[in-house]
Amino acid sequence: MAEQVDDGALAHLNPAQREAALTEARHNLILAGAGTGKTTTIVARIRHLIRNGTPPDRILAITFTRRAAAEIRSRVQGDAATASSTQGVAAMTFHGWAMREVRGAPDVFGYEGWSVLDQEDQQQVMRGVLGRGKRVEGLKAAQIVDVLSFAHNTRRTLADAIRVKFPDDAIDAKAIGAAVRAYEQRKQERRYLTYDDILRVFAARLADDAVAEWVGSHYDEILIDEMQDTNPLQWQIIDPLVPHTRFYCVGDDAQSIYGFRGADFASIHSFRDRVPGARVLKLEDNYRSTQEILDLSNWLLEQSPLGYDKKLRAVRGRGAKPELHSFETPADEAGFIAAEMLRARRDELPWATHLVLVRTNYSGRAIEARLVEYDIPYVFFGGVKLLESAHVRDVLSALRVVANPDDEVAWMRLLTLVPRVGDVTAARAFDSFLAARSGGASAREARASALAGMPAWLAAGLDAIEEAAKRVDDAVGRAAAMLQPVLAHKYRNENWEARARDLVHVERLAASRRSILEFLEEYILSPVFTSEMEPESQQDHVIVSTVHSAKGLERDWAFVAGASAGSYPSARSLGDLDEVEEERRVLYVALTRARDRLVVTRTVSHTPVRAWMGSAGMDVLEDAYFLNTLPERLVEEVPHVVARPSRPAPPPGLSAPAEVDLSIDLGDLE
DNA sequence: GTTCGCCTCGTCGTA
DNA sequence: CGAGGCGAAC
């Protein structure tokens, strides 16, 4: 048995990794710098546990994304010889885990039949609460939802969260508080849970030690990846479980980039206080990059007033210097990146050689446009998630009203798809639904009264979906069929063909889910990007990714785009040390993705920031710019900026031209 | 009064 | 690309 799992993985580890994989301490924190074989070590650890007799289904790996979970699962399974003995290791996100526990034991946790709201739906509910003005104290629904979420994740009061998020504005927190109370009540009435609520329900029940003991007894060891991005709300889940299971946490303080979501990387510095008896191990040898790439990355961290105590060493040795290319416009920059890829292609390098890292979804679009233009296959990580795209939401709204008839957001969305029905008519229909319900009508009868003035196809379609509710892909198919005519019209000028293809993907994702709510929950909690569903993702392709979505990614060549003044650090973070330092770590994560060739690109004159900051503001940004003190020896600088030829000013007499007669001479028509 | 289309504007990052 | 404002059309 033992030999079955021992594939020699341990033999490939260096002494520090081996020590980390085999540690016998009850709780462990592995501080693993970028490229030091973090995933390799986690995988070796899991295989080691299994080899020593831990049943795979008693091991839980918490990761940051669906992709990271999938990678751990597949690497733990290894080849066919070991796949069966390693079957059953659970790998999922924090939210996925919390939901699995809550849904798995409704007697313990409650909330059966409640729907999970994503961010856009939360904003929709908040808009409904705010009514006509749509603002309170100048804050829009989206801002209030954000500050509330920040309060939950950092376990602050709402008043404190408002002070932290809006330090300069005189905001009457009482008015916000009233809106939030109304929002909470609305969520309760409609049986809605937000992302945060899922963690909060789980955490609240774990405060009962009997519950913590019971949950802890399911697992021999819980592994947590990207520990530096764990926030106080997630710690509230970990803490009560410490006496009841073992924790194996892996992280890197220099890669903490989720402060905006409440993560505080300092909590890994105090890990031993929080988790008594924990052993702390360090991995410092970098296997990913050449020394030149690490020299630049190390330099960036050294400039920080926070001491990171980190210096990555390249086991691979020396290579080419990183390049720093400067352009006039983002379009030139994108053109260069695409042209470099085409050049590499002529040298027969696969598309998968390349990774392009962008700061924002928005800035990724310029790159995307060039890749389309040059016919380069790519997948974009970040950006629109499949279940967040408007047309998919339209279709899912029909499933949602069947699964949870109290789901007002879904009702409104569905009803306003009907021709000649707008907000007012839809709200009236929903009101009559509510009236029927409070009059004691069953959900189905109430539905009939909501649909009274609506076309017959809608009622028939909802009945059909309800009949198919056990076969979720079938239900998706029926919803799509019912709405096909209205959607084809709604999106007639917005790429309807591509959107229709997405609907087929959704149907495929829904196959083998046990219920509509389970299906929606799974993909709301661990979203799939639209572009991951495209055919390109099955073939050789370039990856374009926001830095935040690039955790764990590496490629031979990495292009770090838009590394301009005003972006690193971003203009909006100026003046707040913590935020500026988080921006530094974002750039650090980007730089450390490259194995062989690191290409940093930037624009120097036509930045959009310059336009609204003005030149005085621009000086401040230049001062704060991380790369403005970059020593020459660290990079190869390549200017692409074309100096505009300066012309001599015209002599004074020519400066006020007479207007030119632009009318045509009609000849003999006069 | 209500719907719908068109236009402008602003967009950090994510489960 | 979505949200929101505005005016035309129903």
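Quick note on labels: first sequence line is chain A, next is B, and so on, each numbered from 1. All values below come from the heavy atoms of this structure, side chains included, with hydrogens, waters and symmetry mates left out.
Counting any heavy atom pair closer than 4.0 Å across all strands shown, A:Ser363 reaches no nucleic acid atom. Contact annotation for A:Val547: no contact, since no heavy-atom pair falls under 4.0 Å across all strands. If you check every strand for non-hydrogen atoms under 4.0 Å, A:Gln119 touches a base. When heavy atoms are screened at a 4.0 angstrom cut-off, A:Ser573 is found touching no nucleic acid atom at all. Base contact: A:Arg359 has a heavy atom under 4.0 Å from a base atom. Residue contacts shown for A:Ser526 are absent, as no nucleic acid heavy atom lies under 4.0 Å away. Using a 4.0 Å heavy-atom criterion, one finds that A:Phe64 contacts the sugar-phosphate atoms exclusively. Within 4.0 Å (heavy atoms only), A:Asn361 reaches sugar-phosphate atoms of the nucleic acid but no base atom. A:Arg135 comes within contact range of no nucleotide atom at all, as no heavy-atom separation falls under 4.0 Å.
Under 3.5 Å, the side chains of A:Asn153 and A:Asp196 contain a donor-acceptor pair of N or O atoms. Looking only at atom types and distance, the side chain of A:Asp264 has no donor-acceptor partner in the side chain of A:Ser267 under 3.5 Å away. Between the side chains of A:Glu226 and A:Gln228, at least one donor-acceptor pair of N or O atoms lies under 3.5 Å. A donor-acceptor pair shorter than 3.5 Å can be found between the side chains of A:Ser363 and A:Thr360.
Both A:Ser570 and A:Asn493 lie close to DNA chain B; mapped to their nearest nucleotides by heavy-atom distance, the more 5′-ward contact belongs to A:Asn493. Residue A:Gln124 is the one, among A:Arg420 and A:Gln124, whose nearest nucleotide of DNA chain C lies closer to the 5' end (criterion: closest heavy atom). Across the interface with DNA chain B, nearest-nucleotide mapping of A:Arg428 and A:Glu579 shows A:Arg428 to be the residue nearer the 5′ end.
Residues of residues 139-147 of chain A that place a heavy atom closer than 4.0 Å to DNA chain B do not occur.
Nucleotide C:dG4 holds its C1' atom 14 Å from the CG atom of A:Leu130, rounded to whole Å. Straight-line distance from the CZ atom of A:Arg393 to the C1' atom of C:dC1: 13 Å, rounded to whole Å.
Along DNA chain B, the stretch of nucleotides lying under 4.0 Å from any heavy atom of chain A spans, 5' to 3', B:dT2 to B:dA15.
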Could you go step by step and tell me if A:Glu101 and A:His218 meet the side chain to side chain contact (heavy atoms under 4.5 Å, CB included) rule? CA-CA 10 Å; A:Glu101 299 289 348; A:His218 302 164; 3.8 Å; yes
A:Lys187 and A:Asp197: salt bridge (Lys or Arg N to Asp or Glu O under 4.0 Å), yes or no, with the steps? CA-CA 11 Å; A:Lys187 282 196 313 173; A:Asp197 292 337; 2.7 Å; yes
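Checked against the 6.0 Å centroid threshold, A:Tyr308 and A:Tyr588 do not count as a close aromatic pair.
Using bins of under 30°, 30° to 60° and over 60° for the plane-to-plane angle, the ring pair A:Phe430/A:Phe433 lands in the parallel bin.
A cation-pi arrangement is found for A:Arg67 relative to A:Phe381, the charged atom lying closer than 6.0 Å to the ring centre and inside a 45° cone about the ring normal.
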